[in-house]
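What follows is a short report on a single structure.
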Amino acid sequence: MVDLAMLLPLLRRGASLVTNDIADLTPGLKAAAQVLETGLCGKAQANLYCSWLAHQGFGSHFDTHEVYVLHVAGEKTWNVYGKHFDDPVAHTYFKTLGDKFHEDHKGPISLQATLKPGDLLYLPRGWYHDALASSEATLHVAFGLTTPIGLDLVSLLFERAVHDPLCRASLPDPRPDDGQALKEHLAKLGQRLAGFATEAEVQAQTARFVESFRYPRADIALPGDALSARYKRLPGDFAVRETAQGWALLNGKLGAPIPEGFDRIVAWIVARPGFDTGELDRTFPELELSKRQDLLAKLAAMKVIEVA
Ligand SMILES: [Fe+2]
């Protein structure tokens, strides 16, 4: 729970606000995350960054996943430096290098860009960067994308190796022969593991792993669906009628136009004392989430329905 009485004074003094894991919070964010996930075979996570005054939220660093910065408000100047490692991963080794290491290895600035609302900046993993708010208040959403990598194959090969007697056998004691038997055993193990990687079943499993490498996303929009999944119809003499100008929702003598294609849905809603959004979705599976939310908000504003 956020204590606004404490938060707002901190923000006014120049603190940055970071909100992690917001990809499922609105239909727009979720759609953007899904596009990244299906288009690039990865797991997308979205974090929101809001800062005030000329403030640098983070020191120069590189990320261990791909980053897509979507700028929303204000202006922010990004410095992109060089890369020191190819494709770093989220392992302690890369995560604990420290500020001095980063300062010593970031290199000269290779790109400086001032992002304005609507701009998108792609930061490949491993590339050093930092950012400075260059207007009074700035807001951006950073989509982080983690893709399947070679190291993930190690887990798949481990599962395969469990079924192989050579992989289960004890390793030879290196003391009697100065490690000769152990070296030969390791060479055999290496060949065996290489063989596993060429097996059709392991290759098919790996393909399935890559194709399905994304977060499951429920078809809900928070907080709306969690808080107001059930609606009731308000008192009124509602009817859906076709007029010379198109379909209209009548309440007694008053009428409001119904957008094209929504007449059946509005008729279904006013024909019952109440409904929940799950029922509505099952009855009209073609109704997109954003359009459904829009329609319910309009009907609520017109005092046709309200949250039960
Ligand atoms: Fe970053």
Side-chain angles (χ1 to χ4, degrees), residues 10-11 14-26 28-30 32-37 39-149 151-152 213-215:
L10 288 171
L11 298 181
S16 292
L17 175 70
V18 182
T19 312
N20 289 340
D21 273 331
I22 60 163
D24 284 317
L25 216 53
T26 72
L29 286 166
K30 190 164 73 173
Q34 276 171 328
V35 164
L36 288 170
E37 289 182 330
L40 300 170
C41 281
K43 293 181 178 179
Q45 194 220 20
N47 297 339
L48 179 142
Y49 297 87
C50 199
S51 49
W52 286 262
L53 313 172
H55 184 75
Q56 189 170 324
F58 294 100
S60 307
H61 67 280
F62 59 78
D63 291 297
T64 53
H65 48 258
E66 315 294 326
V67 177
Y68 298 83
V69 176
L70 178 62
H71 201 79
V72 178
E75 289 187 7
K76 193 167 235 182
T77 300
W78 289 77
N79 297 318
V80 182
Y81 302 83
K83 63 169 178 169
H84 181 67
F85 298 106
D86 283 326
D87 297 326
V89 295
H91 182 274
T92 320
Y93 171 70
F94 294 106
K95 295 287 191 185
T96 55
L97 292 166
D99 290 345
K100 176 156 181 0
F101 180 94
H102 293 322
E103 281 306 312
D104 291 347
H105 293 86
K106 68 182 184 183
I109 291 175
S110 58
L111 171 85
Q112 188 171 63
T114 298
L115 299 194
K116 297 184 173 66
D119 286 347
L120 184 73
L121 175 66
Y122 167 49
L123 293 163
R125 66 178 150 139
W127 283 76
Y128 277 103
H129 57 275
D130 54 40
L132 187 72
S134 47
S135 67
E136 211 167 54
T138 72
L139 192 150
H140 76 266
V141 178
F143 290 93
L145 191 79
T146 306
T147 49
I149 58 173
L151 284 170
D152 294 318
F213 194 85
R214 68 197 60 170
Y215 288 124

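Ligands are counted one by one from 1 in listed order, and the atoms in each one are counted from 1 as well.
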Step-by-step ring pair (Phe, Tyr, Trp, His ring centres under 6.0 Å) determination, W78 to H140:
CA-CA 12 Å; W78 289 77; H140 76 266; 5.4 Å; yes
Under the side chain to side chain donor-acceptor pair (under 3.5 Å) rule, what do Y128 and H84 come out as? Steps first, then yes or no, please.
CA-CA 8 Å; Y128 277 103; H84 181 67; over 6 Å; no
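Neighbouring protein atoms of the Fe ion (ligand 1) (N, O or S, distance under 2.8 Å, waters ignored): H61 NE2, D63 OD2, H129 NE2.
The backbone N or O of F101 sits nowhere less than 3.5 Å from a side-chain atom of D104 that would complete a donor-acceptor pair. Here the side chain of H105 pairs no donor or acceptor atom with the backbone of G107 at under 3.5 angstrom. When atom types are taken as modelled, the side chain of Q45 and the backbone of G144 share no donor-acceptor pair closer than 3.5 angstrom.
Applying the salt bridge (Lys or Arg N to Asp or Glu O under 4.0 Å) rule to pairs touching residues 63-75 yields E66-R125, sequence neighbours excluded.
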